[in-house]
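See below for the structure under consideration.
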Amino acid sequence: MATATGTRTEILISGFGGQGVVRMGQILGLCAINQGHRVTMLKSHGTETRGGYVRAQLVISPEYVDSPVVEHADVFVAFSQPAYKKFYDLCDGTVMYDPELFENVVDDAPERHLAVPATKLSKEKFSNQLFANRIMLGALTRVASLDYEAMRKAMLEVIPRFHEQNLAALDFGYRLS
Amino acid sequence: MATLTVSTRVGLVAPWVEWEKRCTDGRRLLEAGTYALTEGAIAAGCRVFAGYPITPATDIAEYMSKRLPQVGGYYVQSEDELAGMHACAGASLGGLKAMTATSGPGYTLMHDAYGWSITNEIPMVVVDAMRVGPISGITGAPGQGEFYIARYASHGGNFETIVLSPSSVQEAFWLTIDAFNLAERFRTPVTILTDQVISDMWEDLFIPADYDALDFVIPRKHNLMMPFYPVGSADLDVPPNLIGRGTGVCVSAYTHTEEGYDIEDMAAQWAQTYRLINKIRHHTDQLARYETLGLEDAEVVAVAYGANARTVKTGVLEARRRGVKAGFVRPITLWPFLDELYERDCRYVVCELNYDGQLVREVMRAAPDKKKVHFMGKSAELHTVAEVAAGLEGVARSNRVPELPYIWTEVR
Amino acid sequence: MNKLAAKYLRPSQIPTKACHGCGLGMIENWLLQAIDELGFKQENVIFGTGIGCVGRQTFATWGGDNFGATHGRALAVATGLKLAQPDKKYLIVVGDGDAASIGTSHLIHAARRNLGVTVICEDNMGYESTGGQFSPTTPANYVTNSSPYGMAEPGFDPCDVVKAAGATFVAETTATQWHQTVKIVKKALQNDGFSFVHVRFPCNENFGAYALGTRDTLKNLEWIYEHTQGRKPDGSETDFTWETGIKHDVSNSRPEFSKIMRDMNARVQADMAAKAAAAAGDDKTRDDGHGTH
């Protein structure tokens, strides 16, 4: 797994409640575990949920993870403007965002920003936006150099329904360049 | 199924270091601390859970409600927390291992049940998933405010308590089994003092395939004859009493004789107290669980338990990278307090999730020079690695914790 | 020591520590009579109590297994105990403080669950072991040490409370009704569910002395008797009347709590076995109870 520090990958996912933030983290984490990695995932709840964002902080490492706190994210998946604003500074690596959800990104590091039109593509391909999260996951799998087959398996393990569409969405996201 | 080789972390002293080596057949999951606490209890033979849902311990109740009927156990959603712990005491007296789980607001309701269970030597496990307070505080944020309350879990004095604190989801699983074992051996409630981060966080978790094969689980035994209460004795491994077998055992809230009769007499009070205190104090060697790092050459040692021990440990490693001779102590057994971990004559930086300073007072008492014990209190969020590293660097270079936002350094 | 006491109680623990003329010992004898007439064995009856006059004086008198819970929590303890020892009979003997005040929430929920215990609420109409303060069962306007101007707070009838909560046997009696009490307790003990028997008895030292102006046992008993009849010896009406007798009897009409739990377990385990058998058939089912979310 490609990482900033060599052994430790930090992934931050944040957005509003209902956007599948925690579910995405769960699939990602299970995928890493199935490949023999150690994983921590902090998920915010309670006041943070009511305050407008849900956050999943994942740390993936071949060895036991000491600090589970993401302070220098290798990848930050932002699903909302407030989440982006709040956590942008915690990211040293790539920010993935959906331009349909927000467009106002800082312009000092365009090379670190990756716009993934997941909502638009989900609407086009599946006639609704339900699969945007899976398209984003597919894109993330590519960006973070994660094992695609393992990700497919982990997703099916976690998601109980609509396996065909979910697999198609993941594939779609993974193939985006 | 999946085979796991767990790398044993250097400096970890706990029975599960050995257990992990012996358990290789099982599954690896991504699960929450609450799940691990539940499965640990089931693996340890817990067959009754009685409690009242409260964030962040609610998931334990939910998991228990699903799991217990599957293994022939009972989930009781009690009318309040003190009913929950009393029902656990009743179940345990009836011969079933029992557990309850709560957070601070429920924990403080349990004190008379604690006193009753401690006095009557009733084994059980109580989980307190601490959040920031006082009272409801911030429900979804971690705290460490019950360090002393867990020690002095009931009124009236004259007892010792056993309190353990895990710092990972995996450790929560093993430590829960350990807690049940200690409860049986010491005939007393054992408290698992965890926090919102550990209970809510998800982490890779190895679950053994066959709980029945875990030969390190201490099964429930029954004491069916006098003395029901070995007052005046510090003996370990006395089997718990059993109500329902017609032994004539008596269990009450009063100072008791060895039969369990109420008595108002100083000699009886002395004998009972000798039992309740010394069955623990005389066997502290059986109770030491801790993790250390870099104590050989440390000039400044960071001390933390539970969730923030994880960022603190990373902070220690970061400080060492910056050339600070930093060490790390993570007490897992919080009570009885492991004074021996603080024998080194050096500076200490105690990081805990409260502003009043609780753990730090015990480190001040145990350390050779209390003036060399520094405090970094934080509330509602874990210490960051950056804060810990800055704190250790500050103490190492100028004998003081630098001013940092939301970090409290004063202890009065 | 009478024959029943010799048969069922502990010689070392009786006579009890109760005050002279206290009704507790007499009522305990009546309970023994009910147990004896039903032929229950000592080892099959668990005696539980709480704190206060009733708790202190009756604890450890029973020859079998005893527990004296913290104040008000006897039923909370019994809830767990019953799950572990479902086949035992439980005689939970508590006072008006335990049942009607500090432990009322447990009383209500034990009744709701139809917990298989018989609660004998021995009510001396106030907190007498702490020197005679009023309780929720102290009659209106009577003077106690914490109602020097008369009991001003409205009270309640614990029988009404447990009936509303779902108790399957509810009765009220007094220390002046020997045979009726024995008959009622026998019925209560034959209900495989939550039974509640409210027994008022006199306290000479506090309630008698302060509320009624006498420490005379007979006069205090007479006062109770008058209030069960509604008439004074001179034919005039009393200030209020207690209706004694069986208030509610639907014994054995709905399942007992620990049985509900055991039946559920059997159902869950049968489902699991069926699923496992099906899985062995098509080898696809993954749900073994450790499933992910």
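Note that this is a predicted model, so its numbers are computed, not measured.
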Which pair of heavy atoms, one from [X] and one from [Y], lies closest together, and at what distance?
{"X": "B/Leu82", "Y": "C/His106", "answer": "CD1-NE2, 3.4 Å"}
{"X": "C/Ala69", "Y": "B/Ala253", "answer": "O-CB, 4.3 Å"}
{"X": "C/Arg56", "Y": "B/Glu264", "answer": "NH2-OE2, 2.7 Å"}
{"X": "B/Ser252", "Y": "C/Phe59", "answer": "CB-CZ, 3.2 Å"}

| message | If you count heavy atoms of other groups shown closer than 6.0 angstrom to OH of B/Tyr52, is the number above 12? | response |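 Counting neighbours around OH of B/Tyr52, 12 or fewer heavy atoms of other residues, nucleotides or ligands fall under 6.0 Å, so no.
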
| field | NZ or CZ of C/Arg10 within 45° of B/Tyr261 ring axis and under 6.0 Å | value |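 So C/Arg10 doesn't make the cation-pi contact.
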
Relative to chain C, which segment of [X] carries a heavy atom at a distance below 4.5 Å: side chain, backbone, both, or neither?
{"X": "B/Cys250", "result": "both"}
{"X": "B/Tyr75", "result": "backbone"}
{"X": "B/Val249", "result": "both"}
{"X": "B/Ala83", "result": "both"}
{"X": "B/Asp80", "result": "side chain"}
{"X": "B/Arg245", "result": "backbone"}

[X] [atom1] to [Y] [atom2] distance, which is reported to the nearest 0.5 Å:
{"X": "B/Ile243", "Y": "C/Phe47", "atom1": "CD1", "atom2": "CZ", "result": "12.5 Å"}
{"X": "B/Met85", "Y": "C/Thr70", "atom1": "CE", "atom2": "OG1", "result": "10.5 Å"}
{"X": "B/His86", "Y": "C/Leu81", "atom1": "NE2", "atom2": "CG", "result": "13.0 Å"}

Side chain, backbone, both or neither: which part of [X] has a heavy atom under 4.5 Å from chain B?
{"X": "C/Arg267", "answer": "neither"}
{"X": "C/Phe257", "answer": "side chain"}
{"X": "C/Ala60", "answer": "both"}
{"X": "C/Ser12", "answer": "side chain"}
{"X": "C/Met261", "answer": "both"}
{"X": "C/Ile46", "answer": "side chain"}

Let's test your reading of the structure: which of [options] forms the most heavy-atom pairs below 4.5 Å with chain B?
{"options": "C/Lys88, C/Met264, C/Lys82", "result": "C/Lys88"}
{"options": "C/Lys41, C/Arg73, C/Glu43", "result": "C/Arg73"}
{"options": "C/Leu83, C/Val268, C/Asp271, C/Asn44", "result": "C/Leu83"}
{"options": "C/Gly48, C/Gly80, C/Ser105, C/Gly55", "result": "C/Gly80"}
{"options": "C/His71, C/Arg262, C/Arg113, C/Arg112", "result": "C/Arg113"}

Give a yes or no answer on whether the side chain of [X] reaches the backbone of [Y] with a donor-acceptor pair at less than 3.5 Å.
{"X": "C/Asp65", "Y": "B/Gly244", "answer": "yes"}
{"X": "C/Gln85", "Y": "B/Gly94", "answer": "yes"}
{"X": "B/Trp116", "Y": "C/Gly68", "answer": "yes"}
{"X": "C/Gln42", "Y": "B/Gly246", "answer": "no"}
{"X": "C/Asn265", "Y": "B/Gly73", "answer": "yes"}

| If you tally heavy-atom pairs under 4.5 Å against chain C, which of B/Val251, B/Leu96, B/Leu242 wins? |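 Among the listed options, the one with the most contacts to chain C is B/Val251.
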
